[in-house]
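Keep in mind that the numbers below use all heavy atoms, side chains included, and drop hydrogens, waters and symmetry copies. Letters A, B, ... are given to chains in the order of the sequence lines, protein chains preceding strands, and every chain is numbered from 1.
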Number of protein chains: 2
Amino acid sequence: MNDPSPIRKPSRIQQRNRKLILDAALEVFSNHGYRGATLDLIAARAGLSKPNILYYFEGKEDIHVTLLNQLMDSWLAPLREIDPMGDPMEEVLAYVHRKLEMSRDLPRESRLFANEVLQGAPRMAPHLETVLKPLVDDTADLIEGWIAAGKLAAVDPRHLLFSIWATTQHYADFDAQVRVLMDEADVQEGARAHLDMMFRRLLVP
Amino acid sequence: MNDPSPIRKPSRIQQRNRKLILDAALEVFSNHGYRGATLDLIAARAGLSKPNILYYFEGKEDIHVTLLNQLMDSWLAPLREIDPMGDPMEEVLAYVHRKLEMSRDLPRESRLFANEVLQGAPRMAPHLETVLKPLVDDTADLIEGWIAAGKLAAVDPRHLLFSIWATTQHYADFDAQVRVLMDEADVQEGARAHLDMMFRRLLVP
DNA sequence: AATTTTCCTGACCGTATGGTCAAGAAAAGA
DNA sequence: TCTTTTCTTGACCATACGGTCAGGAAAATT
């Protein structure tokens, strides 16, 4: 009479190996896309055998979905941090800076996300609808309130968010191109100054 | 004594079928990425048999590279159209608008390019170096000249280009996400107004 | 120590996929 | 018309890949 789904806290080995696998998978998926990634590659990078990978996850898709779910949280955190009580201009600019820092510190996550959306978000559509959309709707309302209060120039909040996402993530997603075109060592600082100026000028009432 | 590489003008059948194949391949590569695309899919979409595909192209990679090479031209055309004799502000804004229109009219090309660069541009690095970089260098010089003449605000020309590319291509590359977040019918017009305002405010001296 | 549970792997399987080939069908050239 | 060249395909091949399984090793539990 075995319990079909015994709720057991994961052992130390389980925690370690799942982490190893997810980290390896993030590397591989973000570099090769879903189809380009192979279990053998993930296994090799994780230092585990392929059957052992399948012991911890149900399959390739399970790993991918797990990564995407984890990603969503850390990905949207900066958006949730916007303080409705703060100064509108500074809140938005701080958000831009946080997103740019994420692009530098978590480029694999950015590329994983880009890959998924680029293919039409086949494994993430529900999450976009249930998690991202409500948050964006709230943020749009907040920004519209700030605009109505005369604190920000009149812009479409959604197009503003698109611009912020596009410009900041560009440095992670199109890194290969950026590196060809910029010899400079400090791309990050140039980007920071540029985006700060761009969004400041856009939003000043 | 057969000439090993007889320079023959392509027959009508050859022209038609190569076009069919490239169009089908563009569709498939841009939707599934390089690894996700299969010759069977391309063949089915082109209405030809798989061996026939291989009669016209040496292999999968050959098709992909051919597409990328063709892409580069049409992709950079709007940049070449910037007129050094024109009004700086209007030239840059016209470029933004052209890029946005391309994003709407040629989304497959945009996604093909994005896919390739996302994976580190493994099949396009030479082209970026030899074709894109010189053009960007020239354009950067042009913009710096305009800035020095007091016609535009002082911005880093390369970061400006990144911002233009990122924001305009976003509507093609992240279409799946845009569609979730915007119920509106006319995303294009909203984007046009938004980007016009953003870059105008950024660049006004 | 004995037993149970968890963890791990070599060998294997079915399918998908890029690519080949021999030979026939259709155009083009004479 | 006859011949040559171009075009087309069904059948086939080798490899890669996601996934399975039986059984052994290592931990944990008793």
Item to complete: Check the distance between D:dG18's P and A:Tyr55's OH and give it to me in whole angstrom.
Response: 22 Å

Response to the item:
Taken to the nearest whole Å, CZ/B:Arg12 to C1'/C:dA26 is 14 Å

Worksheet item: Is the shortest side-chain N to carboxylate O distance from B:Arg200 to B:Glu90 below 4.0 Å?
Response: yes

Worksheet item: Rounded to the nearest Å, what distance is computed from the CD atom of residue B:Gln15 to the P atom of nucleotide D:dC7?
Response: 11 Å

Item to complete: Can you tell me the distance, in whole Å, between the CG atom of B:Asn52 and the P atom of D:dA11?
Response: 17 Å

Fill in: Contacting residues from residues 26-50 of chain A, given that a heavy atom lies under 4.0 angstrom of DNA chain C
A:Arg35, A:Ser49

Worksheet entry | Test: B:Asp23 and B:Arg108 ion pair at under 4.0 Å | yes

Worksheet item: What nucleotide among C:dC8, D:dC7, C:dT20 has an atom nearest to a side-chain atom of B:Gln14?
Response: D:dC7

Worksheet entry | Lys NZ or Arg CZ of B:Arg104 over B:Tyr171 ring: under 6.0 Å, within 45° | no

Worksheet item: Are any of A:Asn17's side-chain N or O atoms less than 4.0 Å away from OP1 or OP2 of C:dC8?
Response: yes

Worksheet item: Can you check whether A:Tyr56 has a side-chain N or O nearer than 4.0 Å to OP1 or OP2 of C:dC8?
Response: yes

Item to complete: Take the protein atom NZ of A:Lys60 and the nucleotide atom C1' of D:dA16, then report the distance between them rounded to whole Å.
Response: 11 Å

Discussion item. Whole angstroms only, please: what is the CG-C1' distance between B:Leu54 and C:dG19?
Written reply: 6 Å

Worksheet item: Are B:Phe29 and B:Ile42 close enough that some pair of their side-chain heavy atoms sits under 4.5 Å apart?
Response: yes

Worksheet item: When rounded to the nearest 0.5 angstrom, what is the spacing between CZ in A:Phe57 and CG in A:Asn17?
Response: 10.0 Å

Worksheet item: Is it true that B:Asp196 and B:Arg192 make a salt bridge, defined as a side-chain N closer than 4.0 Å to a carboxylate O?
Response: no

Discussion item. Tell me the interatomic distance from B:Arg16, atom CZ, to C:dA26, atom P, rounded to whole angstroms.
Written reply: 14 Å

Worksheet item: Thinking salt bridges, do A:Asp183 and B:Arg158 make one under a 4.0 Å N-O criterion?
Response: no

Worksheet item: Roughly, in whole Å, what's the span from CD1 in B:Ile53 to C1' in C:dT20?
Response: 15 Å

Worksheet item: Among the nucleotides D:dC21, C:dG18, C:dC8, which one has an atom lying closest to any side-chain atom of A:Pro51?
Response: D:dC21

